[in-house]
Amino acid sequence: MALPLLLASSGELLSERAGVLNLSVEGMMLTGAFAGAVGADASGSAAVGVLTAVVAGLLFAALQALLSITLRADQIVTGITANALALGATTYGARLVFGDGAGAKTLPGLDPLAVPLLHEIPVLGPALFEQTLLGYLAFALALALALAFSRRRTAGLAVDAVGEDALSADRSGLPVTAIRYGTVLLTGVTSALAGAHLALSEVHAFSDNITGGIGYLAVVAVIAGRWRAWPTLLACLVFGLAQSLQFAAPALGLHLSAPLLVALPYVFALLAVSGLVGRSRAPSGLTVPFVRAS
Amino acid sequence: MTAALEVSGLAKSYGGTVALDGVDLVVEAGTVHCVLGENGAGKSTLCHAVAGSLTPDAGTLRLYGQPYAPRRPADALAAGVAMVHQHFSLVSTLTVGENLRLLRLPGLAARIARVRETYGLELEPDAVVGQLPVGVRQRVEIVKALLRDPRLLVLDEPTGVLGPAETDALLETCRRIADAGHAVVLVTHKLGEAVRAGDAATVLRGGRVAGDGTTKDLSARRLVPLMIGRAAGDLDATLAGAVGLEDPEAVGPDAPGPDGLDDPGVLGLDDPAAVGLDDPAVVGPDPVVPGEVVPAAGPVRADDARTPQGAALRLREVTVRRADGAYALEDATLDVAFGEIVGVAGVEGNGQSELTAVLGGSLTPERGRVELDGRELTRALPAARTRAGLGVVPEDRHHEGCVPALSVAENLHLGRLREFRRFGVFLDRAALGRATEAALAEHDVRASGPFAPMASLSGGNQQKVVLARELALDPLKCLVAAQPTRGLDIGAVAAVHARIRAAAGRGAGVLVVSAELDELLTLCDRVVVAYRGRLLGPVDPRAADARERIGALMVGVEGERGAASGVGVGAGA
């Protein structure tokens with residue numbers, strides 16, 4: 001779970017830094033997973049599936065951007081509504097496309113590629129170095145975004161300025177609206193890839209609500225990471241580790257209650273956002289629409 | 001000369017409010033062109049139209065002869081028009097250097113060095129903007145505008161937050177920019193500055209051009225009636241101070257001489273003999289003697305029905321530290337007697353905000369004592385302070401002084417709603433409305449009704465409501481008013497000053513914290529100066545050299561000559 005979470009939150013981090021709270025990242029992931037599944041099923045090729053997922057994610061993100069940036073709708077309301085819509089639409093769509101048979105239809109998926117030598121490292125090896133091509137790509141993309149939009153680079157500064165004080169950014173000559181659109185569309189791409197990864201790399205099938213709240217957890221990871229790239233990455237790993245404990249605990253001989261383990265990432269998330277990980281401060285302009293009129 | 005900027009027929013209205021109504025203006029290259037006017041005259045709207053922050057409804061702009069129609073600030077910047085915003089265009093969570101890098105200019109370091117060499121403007125690139133004093137932020141804002149080497153620089157009310165020495169340095173910078181061949185538009189409501197620094201001036205009133213000309217032809221005395229639309233003779237010293245005239249005698253009611261300002265010849269603007277630029281009595285640094293000009297400003301002592309002994313407000317060694325460990329207030333000690341008006345002057349960021357916060361109860365000092373009429377209130381909750389008779393008009397009207405989304409009635413009576421109960425639980429809105437209407441009438445507040453939203457009132461009327469609420473305390477032992485007239489037009493300034501004087505006249509001690517030195521000089525019995533968290537002085541505002549002495553204390557020079565120490569913009573920080 002850590003990889004899709006990381007990918008989704010790397011995009012979410014950018015759009016929140018630019019001042020747009022993309023609560024619909026869950027819906028974007030679900031849309032990406034569904035579109036990826038349909039594309040792969042129809043074409044017989046997982047690569048086409050990934051491409052379909054990206055296109056669908058972009059369209060979904062464009063809708064979210066139009067609502068929250070141009071039409072200045074409440075970002076929390078639009079986000080939750082978009083998620084509900086995505087859940088309903090993909091569940092219904094799955095019935096239409098894959099039928100409502102008991103077993104989910106197996107899709108042409110992506111196969112893991114083991115990195116020679118490295119994957120033999122105990123515990124870490126299989127977790128990190130037995131990913132699919134999409135998995136490695138996802139990890140590289142998350143890293144690239146973190147580096148490209150670091151605060152030390154003008155691009156990262158511009159994103160932060162737009163999220164902190166859009167009016168001043170505008171007066172400094174920055175294209176506020178374009179930057180916000182760009183970050184939301186980017187979130188659409190990363191979230192759709194995350195969804196496609198779930199459906200095509202991990203499960204090789206689409207099931208109802210396949211994302212199961214990972215999108216929401218991505219939003220939480222950004223908060224827990226205090227809107228900084230590396231702490232957010234760390235938060236994703238911790239959440240992912242807590243999740244994988246569900247499967248690893250019996251193997252390790254630990255007898256922990258399963259429901260408790262399911263709840264563990266969310267418990268970590270709650271602790272993180274309640275300030276136990278350090279004081280956090282959201283970008284001043286988060287969820288505040290930009291209006292130039294003075 | 002070539003025209004750097006030609007504005008013709010510029011009009012803009014917001015909803016039903018007309019901000020600009022057919023404004024024509026020509027700014028020559030190589031000059032400082034002042035735009036004068038009261039609040040609401042349309043000065044800021046004009047600036048924003050030129051800087052691309054808003055699109056006018058009608059009218060055209062030409063920049064160095066070329067048609068110019070910026071649709072966004074980026075267009076204006078690309079065309080070589082930079083603006084120094086009244087409330088800055090800096091991202092306060094970023095450092096100075098990061099803010100400058102946002103401009104994405106090639107050869108940034110060389111540009112910064114050039115601005116430093118040309119104008120003597122120094123920067124601390126690693127300081128976080130939000131932690132800098134306002135005067136220093138202003139300097140960053142100016143450097144930011146100059147980095148692009150603009151052909152036209154627009155400054156919107158740049159001196160409002162500066163001390164005298166910083167203002168001088170800023171006006172000098174404007175002069176140098178103009179001498180370098182660029183054009184400067186300097187927006188201000190202070191006449192003294194315009195006459196001192198400007199080559200030409202345009203006076204706006206109600207969105208129209210009320211008059212224009214070179215500053216040689218337009219003396220301060222002729223500008224005043226243009227700005228306020230009535231004879232300058234109606235001005236008392238306080239109002240003269242509010243428009244930045246340093247010599248109230250030149251326009252005051254007691255002004256001697258045959259060319260009195262009620263003279264229709266002056267108003268008709270055909271009297272070239274009116275006091276000119278070269279007359280030091282108008283623009284020179286000569287000290288004023290406000291106490292003699294305005295007897296009303298004198299102290300009115302408490303009658304003995306109130307506690308005759310002891311101070312209304314007593315501060316002892318009040319010390320506050322900022323998050324970074326620096327002292328915001330250090331051993332601040334002050335007494336305010338009943339019936340006395342004490343002023344706190346100083347460049348912003350020298351502890352005035354913390355002083356008000358300590359008195360209002362939103363900040364607990366590290367050590368020290370606050371007493372009201374002998375009763376300790378150092379750690380008392382705001383409600384306890386109100387009950388004890390301490391009225392506080394906070395610095396930030398919108399965030400601390402009132403709740404803009406609530407009605408005027410609710411704002412006025414929020415702390416006393418229990419007086420308006422029916423059957424013990426319901427609010428008696430009729431009684432609330434009646435009480436509010438009475439208060440609005442008494443304080444001359446213009447609102448559409450007692451239940452009009454606070455946000456629908458103009459700044460001046462909002463401030464009158466806040467003041468009315470604090471003055472309604474019974475007993476009112478002490479009133480603390482922080483920046484009570486900031487952003488208000490001249491009429492509202494006069495009303496607020498009258499109320500403050502009346503409160504002192506009824507025996508309350510009054511502490512006025514203000515960045516406007518002229519306001520303090522005309523209003524107060526004593527003036528102390530906040531400098532790096534300490535309260536220096538006091539200075540008697542009636543003393544002949546009061547202005548110089550306060551100015552010197554504001555930049556931390558205890559001696560006689562503050563201006564001689566060569567301080568630049570922001571040096572007081």
Side-chain angles (χ1 to χ4, degrees), chain A residues 13-14 16-20 69-70 74 148-183 225-229 231 275 278-294, chain B residues 12-15 19 43-56 70-95 97-106 108 128-130 137 140-141 144-145 147-148 150 154 156 323:
Chain A
L13 171 65
L14 270 181
E16 287 201 28
R17 277 171 65 190
V20 186
I69 301 170
T70 304
D74 185 291
F149 291 95
S150 123
R151 184 81 166 253
R152 289 160 195 270
R153 296 175 53 91
T154 315
L157 266 184
V159 167
D160 278 338
V162 166
E164 285 290 344
D165 185 348
L167 203 56
S168 286
D170 180 54
R171 288 171 175 179
S172 305
L174 292 175
V176 172
T177 304
I179 289 176
R180 287 191 165 172
Y181 260 91
T183 58
R226 285 176 281 163
W227 293 273
R228 289 273 149 269
R279 298 269 299 268
S280 62
R281 202 191 61 80
S284 315
L286 190 59
T287 77
V288 182
F290 169 62
V291 194
R292 184 176 290 135
S294 49
Chain B
K12 176 78 186 175
S13 43
Y14 300 99
K43 305 187 301 279
S44 283
T45 308
L46 176 65
C47 289
H48 286 299
V50 174
S53 295
L54 60 81
T55 316
R71 298 188 55 79
R72 54 184 71 82
D75 296 346
L77 292 167
V81 177
M83 178 163 167
V84 169
H85 290 267
Q86 190 177 4
H87 302 293
F88 313 140
S89 62
L90 305 169
V91 182
S92 58
T93 46
L94 301 184
T95 67
E98 287 172 334
N99 265 286
L100 299 182
R101 277 172 51 207
L102 277 182
L103 300 175
R104 295 172 297 176
L105 291 170
L108 185 64
V128 174
V129 167
R137 270 188 246 182
V140 177
E141 175 83 3
K144 183 179 162 190
L147 283 178
R148 292 182 182 271
V154 181
D156 188 9

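Each chain gets a letter, A, B and so on, in the order the sequences are listed, and its residues count up from 1.
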TODO: Going by the side chain to side chain contact (heavy atoms under 4.5 Å, CB included) test, name the single residue among B:Val84, B:Leu102, B:Leu90 that passes it with B:Lys144.
DONE: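 Single pass found, and it is B:Leu90.
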Task: Options A:Leu157, A:Thr154, A:Asp165, A:Leu174, ranked by heavy-atom pairs under 4.5 Å with chain B, top entry - done: A:Leu157
TODO: Could you pull out the closest heavy-atom pair between A:Leu167 and A:Arg292, with the gap in Å?
DONE: CD1-O, 4.1 Å
Looking at [options], which makes the most heavy-atom pairs under 4.5 Å with chain A?
{"options": "B:Arg104, B:Glu98, B:Arg148, B:His87", "result": "B:Glu98"}
{"options": "B:Leu77, B:Leu94, B:Thr93, B:Asp75", "result": "B:Thr93"}
{"options": "B:Ala145, B:Ala82, B:Ser89, B:Ala74", "result": "B:Ser89"}

Open item on the list: Tell me every residue that passes side chain to side chain donor-acceptor pair (under 3.5 Å) with B:Asn99, counting only those two or more places apart in sequence or in another chain.
Closed with: none
TODO: Kindly write out the residues that satisfy side chain to side chain donor-acceptor pair (under 3.5 Å) with A:Ser284, not counting sequence neighbours, or none if the list is empty.
DONE: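 Only A:Glu164, A:Arg281 meet the side chain to side chain donor-acceptor pair (under 3.5 Å) criterion with A:Ser284.
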Open item on the list: Heavy-atom cut-off 4.5 Å, strictly under: side chain, backbone, both or neither for A:Arg151 against chain B?
Closed with: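 Its backbone and side chain both get close to chain B.
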Open item on the list: Please evaluate residues A:Asp160 and A:Arg17 with respect to the criterion side chain to side chain contact (heavy atoms under 4.5 Å, CB included), reporting the C-alpha separation (whole Å), side-chain torsions for both, the decisive distance (0.1 Å), and the verdict.
Closed with: CA-CA 5 Å; A:Asp160 278 338; A:Arg17 277 171 65 190; 2.9 Å; yes
